[in-house]
Structure formats: C-alpha cells, structure tokens
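Working notes, beginning with the structure itself.
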Amino acid sequence: METLHLARGIPLRTASAARAGVAASRAAGRARSAVSFWRRRSAGAGPVVLRRSAGGGGGFGGFGGSPPKDEFAVEDEERESEGEGGSGGGGLVLGAERDASGAVVGFSLAPQTRPDYLEVAGAEEEKGTDEIKETEETEGEEEAQTKLSYNIVFVTAEAAPYSKTGGLGDVCGSLPIALAARGHRVMVVSARYQNGTVADERYAGAVDLGHCVKVHCFGGVQEVSFFHEYRKGVDWVFVDHPSYQRPGNPYGDSFGAFGDNQFRFTLLCHAACEAPLVLPLGGFTYGENCLFLVNDWHAGLVPVLLGAKYRPFGVYKDARSVLVIHNLAHQGVEAAVTYKNLGLPPQWYKALEWVFPTWARTHALDTGEAVNVLKGAIVTADRILTVSKGYSWEITTAEGGYGLNELLSSRKFVLSGITNGIDITEWDPSTDEYLASHYCVSDLSGKVQCKIALQKELGLPILPDCPLIGFIGRLDYQKGIDLISSAMPELMEDDIQFVMLGSGDPRFEEWMRAAESTYKEKFRGWVGFNVPISHKITAGCDILLMPSRFEPCGLNQLYAMRYGTVPVVHATGGLRDTVDNFNPYANEGSGGGTGWTFSPLTKESMLAALRVAIRTYKEHKTSWVGLMKRGMAKDYTWENAAMQYEEVFKWAFTDPPYVG
Ligand SMILES: Nc1ncnc2c1ncn2[C@@H]1O[C@H](COP(=O)(O)OP(=O)(O)O[C@H]2O[C@H](CO)[C@@H](O)[C@H](O)[C@H]2O)[C@@H](O)[C@H]1O
C-alpha cells in the first residue's frame, strides 16, 4: 500500500504564544514554531497546554485539565496574527532538503531564498524556551485559561472563495478561518478546479508544493499533486489532477452531473488522507494525530480509509473524524460493482453496502445493490454533525432520513447539530462593497437607497414603498421553487414586486425567464450564479422568501436578517431554528420575533404568511422596524459556532477511534 512507503514528518507541532508588539514575518513566525517545537521535544516536554489570557481574543472555557497524550497540539497564534504580508526577515533559515522525487529527507541551514512555506527556522528568530514561557506568563496577567488545540483537516468539495456553488462553499471558506483564529492548526483540502474561465485566477496564490502522491484506485495508479496557499491563518491545500480541469462547476456542467464524480472524489479523499502525512506546510507536517472534518459524501471515504487503509498498518491510530452533513439528499450512490474501484479492502464492503428498496429498482432483475459513500461515512466517523439542531433530529425520521434514518438513529449518541455561522465581514450592510448605500441597525436610511438601486438595475419601476420580495438559491426541488412558481399568478395580483436569483434545474430557469416576460412590471428572474447580485438582493428587498422542503441550516435567511430583510420561511430544519415567528404582542406590546415561519408546506400557507408580512410592512411600520432591528441584532458569528465545534472535537477524542 503506497501509504506505508511515504516518509512521514513530525506528528505534532507546538508553538509559542503570541508576543505582543513583535512585528514578525510569516516565515519568521513559522521559524519560531519550529524552534519551540524542537526545544520542547528535546526537553522531553509532555502534553502541551497553552495558557492564554481571557482578554486574548478567544475566551476558551470548559477545557479544564491536561489533554490526554499527544493528541493535541498548541497552535502558533503568531502565525494567525501576522497577517498576509510577511516579508521574510532575511538571515538564514533551516530549509527542507529534498530528494529527486521531492520528498523531504532532512533539513539544513540555508539563505532565505526558498518559498516561505518550506522555511522552518530562522537564526534571527531563535528565542529560548524561557522567553516563550515568560511571555506566556505575562499574557496570563488578567485571567489565565487552559486551552487545547487541534490539528484539523477539512476535506471538502468546495471552499469559498476558491470554489462555491452553494452553502457548503461558504461554510468551508469561513469555519476553518474561525477555528484557526481560535488557535488551532487548520488545513483545508479541496480540489484545484480549473474550468478555463477567470474563476481559475482564484487559485493564483496557491503554489505547487512539488509533492506527488500515487493513489491506487479504479484499477490503476493515479498521480495527484498539491498546491498550497497560506491565507488568514489557514493552510489551503488543493489537490491537482486532470479530472478537476474541465468546464463547468465542481460537480457538473450544462449537461448535468459529471459521470466520473465517484472517481474524482475518491481521489480527493485518498489525497486528503496523505496530505497531513507528507506535506511539510510551514516546514513540518500535520502528522497523524489530527482531526479530519469531512463534509458531505464527497469527503465521505476519508473515515472509511482511516479504518480500512491506515489503522491496520498502525497509521492514524489516534486520529479522529467528524462527518458534517450539509445535505443528506446527496449520498454518492453508485452501482455495487464500483466498490472495487475505491481502493478499499474487499472485507470493508459491508460498510458501504446499500440496497435500494424494491420500489426504487428499475427492472425485475435489478437487485438494488449499490455502494453508498455517505453511508460508509456515517458508519465509520467518530462523530456526526449536521448544520442545525433541528436537522439533526429530522434526519433520524422516515420523512427526513432519505433512507438513512435507521442507521442515523442507531448512531444518535454521536450525532448532534451546530447552526452555521456567517461571514460577518463579507456580509455587513455597513461596509458591503456591492451596495449602493450603507446602513446599520442605528441608521437604516441607506436600505431604501439599496432598494431603489436594485429596482433601477433590474429595470423594475422605482417604487420605494412597494414591498419587494426576494428569493436567492439553487433552483432545486429542495428549495421549493415549484411552490413559488405555482403561487406566482396569485401573488402577482398583489401590489408587490418579486425578484429571483438562481440557477439549477433548467425547467425552473425557463420558468423564471417566462415569468419575467409575463409580469414585466413586477417580476425579475436572474438566471445564473452572481455573488454581487445576491448581496444587492439581500440588501434591497424587504422580505426574503424561503419555502424550502427541507433545509439543513440555510444561510440566506441569516444574511437577510443581518441586512434588515425579513425572512418568510417554511418551518423546517435550520429555518425553524433560526427564524423566530413574529408576535406583535410580545414584550409588553413592543413585539417579538424576526420573521414568519409557515407550515405545512403548501401554496396556501405560504401565501397566507407572505400576505401577513406584506400587510405588516405596509400598515405597521413600527412593528416592521422592530422586526428588522431584532434580526440585525442576532449573533450568528462563526466564532460562536467554532466554540461548539471544539466541544465536539473534545468528545471525539474522548472515545476510542473507529477501528472496524
Ligand atoms: N444564483 C446564486 N448566485 C449567487 N449566490 C448564490 C446563488 N445561489 C445560491 N447562492 C449562495 O449560495 C449559498 C447557498 O446557501 P444555502 O445555505 O442555501 O446552501 P445550500 O442549499 O447550497 O447548501 C447546504 O449546505 C448549507 C451549508 O451548511 C446549508 O446551510 C444548507 O441548508 C444546505 O442545503 C448562499 O451564500 C447563497 O447566497
């Protein structure tokens, strides 16, 4: 097995605490990390616990005591605080020595000329452990707290801003940064998609690490290489292979989903398992004792590989995996005969085995036998998370479980939900670069300017007082587009305007175009994926409609609330968890709630909720402003969510790992 021949690096990295007032370069910061690591190791240092001040930007609580064994590493906070612009600092660095194949075979002092991601130590930066200790003590002047830090490896099919087709990209673009900011060492492994458009430039900052890994799968040997960019405290690693280089988005093109997605994401998972072992990021590897955070089915082979391919050979014995389910409707199901392509031992077939119910089989001879990658991940992951608490319950029911409810119920004791956060720097109405005017909770006057600008841009009549309803999202059965289209004739009788932004199912794209010509004065449908327009709609509308059939979390209602746009949503999953129904009598008559939730999911109940919202907008301005302000005041920061993830990581390391 190729894994066993690969040289592995240092399993853990320890680092110094941040030193106030030291303007250090990124390379130099990494040098300090390496120096402190070696010193601690050579001094026989045991488990590492970082003491930090309560005022130091994290506020970690509840992690009392020392971590068990070496499972936890202390992250270099300097690395994060240094920002992007480090210039290097000059002097000598301890650089990696490589053999002809690019593998690291040792380290030596050299002038600082190599790319900084390969530099590990600078003479200028050599500071003693004593100084580091002293600094840590100084920092603890206010109130020292104990914090554990993890080496976290995200595996994901998309991560914004590099790739994004929906909420998965948002989450995997933001949560890693939030975790890194809290002191963890974080790597994100995704694919280096090149589709021949300007979007390819998003990877311009990622450099070829010169590392190739051979993956045995699909009856042959595939060679993948790795690109890397260190940004906002996170190691962004992109797996390069010809199958990621084609027109379209990460999953398909105008003809539908790519036929070789099982192959493409199998490669991603194998490569992601190798990355912590072989990539000397910042000079040394993440090592074996890491935590894999695997997202949706595309990354679902990772926990299976840990158990089937690595642990039998003593590798990743102490690693853990957390599966995050963003959407249970997609499971990576393929014919059973494809199992042999996955690079797994035959005896692990049962982990992925999937049999379709009789009604779902296509013909009399169809035995319904298949492999289901997400099922394999649910069986083998150490913890399972969904992106809201409500959804974590729904997927254990027959209605929401997509055939996996019984399996998920059997794993209830490791299943929980954490509501997504939002990127409050990208989504901030007081600074948003895409908006015509800015506003905030204490001065809402700019919002109507955004509405007027949107009406102008879309060619709608400019009517500042006309209720403007918006929808943004994938045109997919999940999002309830069929309900919107069936309600549109009745809705268009009202004195409103409606704008939609989305792409996906060609039938709905066609319907949007047709509706635009039918309701010229009232309806606009923008077919496509357009981030600036999504911001403008979020700011310019008064109401955001989300009639999703199911919604694991939903991000648009969170963005909407932050922008003072009142959500009207189906009471399901994360929508029910995050939108509080309006109650005009709450709080001694001053009102409560941030929007409207409707149920059941019918055209009638959706229209009823929308009409109450429209009437409130028109006739009860004070109530409306209260709704807007309560929504804007909600805290859905990633830091909040990141703290809850840390708790789950702690639980994952408390139990023994899955060994099959
Ligand atoms: N045409 C378009 N142009 C520009 N931007 C567009 C767009 N269509 C969608 N977007 C953007 O894509 C994101 C979609 O977020 P959702 O939460 O609705 O995600 P989605 O259903 O894809 O993901 C799944 O994962 C996420 C993350 O966990 C869960 O919140 C969700 O419930 C689950 O279904 C938002 O940022 C939205 O603005």
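In listed order, ligands and their atoms are each counted from 1. As the structure is a prediction and not an experimental result, all values here were calculated from the model.
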Q: Could you tell me whether some N/O pair between K164 and ligand 1 is separated by less than 3.5 angstrom?
A: yes
**Q.** Enumerated ligand 1 atoms positioned under 4.0 Å from heavy atoms of V171
**A.** 27 (C), 28 (O)
Q: Give the residue and atom name of whichever protein heavy atom lies nearest to atom 27 (C) of ligand 1, and the separation in Å to one decimal.
A: N420 ND2, 3.3 Å
Q | atom 31 (C) of ligand 1 - nearest protein heavy atom and its distance | A | E551 OE2, 3.2 Å
Q: Any atoms of ligand 1 less than 4.0 Å from a non-hydrogen atom of G166? List them with their elements.
A: 12 (O), 13 (C), 14 (C), 22 (O)
**Q.** Location of contacts on T538 toward ligand 1, heavy atoms closer than 4.0 Å
**A.** neither
(Q) Heavy atoms only: which of N530, D170, T419 lies closest to atom 3 (N) of ligand 1? (A) N530
Q: Kindly state each residue pair satisfying ring pair (Phe, Tyr, Trp, His ring centres under 6.0 Å) with at least one member in residues 406-429, sequence neighbours excluded.
A: W427-H535, W427-Y559, W427-Y563
Q: May I ask you to say whether E510 pairs ionically with R513, meaning some side-chain N is under 4.0 Å from a carboxylate O?
A: yes
Q: Apply ring pair (Phe, Tyr, Trp, His ring centres under 6.0 Å) to W511 and list each qualifying residue two or more places apart in sequence or on a separate chain.
A: F523
Q | Geometric cation-pi criterion, R320 with F649: 6.0 Å, 45° | A | no
(Q) Within ligand 1, which atoms have a heavy atom of N556 less than 4.0 Å away? (A) 18 (O), 35 (C), 37 (C), 38 (O)
Q: Consider every N or O of G167 and every N or O of ligand 1, then say whether any pair is closer than 3.5 Å.
A: yes
Q: Distance to 0.1 Å, residue and atom name: give those for the protein heavy atom nearest to atom 18 (O) of ligand 1.
A: K479 NZ, 3.0 Å
Q: Give the single entry among C553, G528, S503, G473 that approaches atom 1 (N) of ligand 1 most closely by any heavy atom.
A: G528
Q. Does the distance from a Lys or Arg side-chain N to an Asp or Glu carboxylate O, for E551 and R576, drop under 4.0 Å?
A. no
**Q.** Plane angle bin for Y203 and Y162 - parallel if under 30°, tilted between 30 and 60°, otherwise perpendicular
**A.** tilted
Q.
I need the atoms of ligand 1 closer than 4.0 Å to a non-hydrogen atom of G554, numbered in the order shown.
A. 17 (O), 29 (C), 30 (O), 31 (C), 32 (O)
**Q.** For V387, the ligand 1 atoms whose distance to one of its heavy atoms is below 4.0 Å
**A.** 28 (O)
Q) Within 45° of the six-membered ring axis of F498 and under 6.0 Å from that ring's centre, is NZ or CZ of R524 located there? A) no
Q: Taking only heavy atoms of P552 into account, list the atoms of ligand 1 that are under 4.0 Å away from them.
A: 32 (O), 33 (C), 34 (O)
(Q) Tell me the nearest of N295, L555, D476, T386 to atom 17 (O) of ligand 1, using heavy-atom distances. (A) L555
Q | Sole residue of D482, D476, T572 in side chain to side chain donor-acceptor pair (under 3.5 Å) with R549 | A | D482
Q. Got a salt bridge between D580 and K634, using NZ or NE/NH1/NH2 to carboxylate O under 4.0 Å?
A. yes
Q) Any Lys/Arg nitrogen of R246 or D260 sitting under 4.0 Å from an Asp/Glu carboxylate oxygen of the other? A) yes
Q) Cationic tip of R192 within the cone over F227's six-membered ring, i.e. under 6.0 Å and within 45° of the normal? A) yes
Q: Tell me which protein heavy atom sits closest to atom 6 (C) of ligand 1, plus the residue, atom name and distance to 0.1 Å.
A: F529 CE1, 3.3 Å
Q.
With a heavy-atom distance limit of 4.0 Å, tell me whether I533 approaches ligand 1 through its side chain, its backbone, both, or neither.
A. neither
Q: Give the numbers and elements of all ligand 1 atoms closer than 4.0 Å to a heavy atom of Q478.
A: 21 (O), 34 (O)
Q | Residue pair F550, Y402: steps toward the ring pair (Phe, Tyr, Trp, His ring centres under 6.0 Å) verdict | A | CA-CA 11 Å; F550 66 96; Y402 278 85; 5.6 Å; yes
(Q) With heavy-atom distances below 4.0 Å as the criterion, list the atoms of ligand 1 near H326. (A) 24 (C), 25 (O), 27 (C), 28 (O), 33 (C), 34 (O)
Q | Contact check, Y559 vs ligand 1, heavy-atom distance below 4.0 Å | A | yes
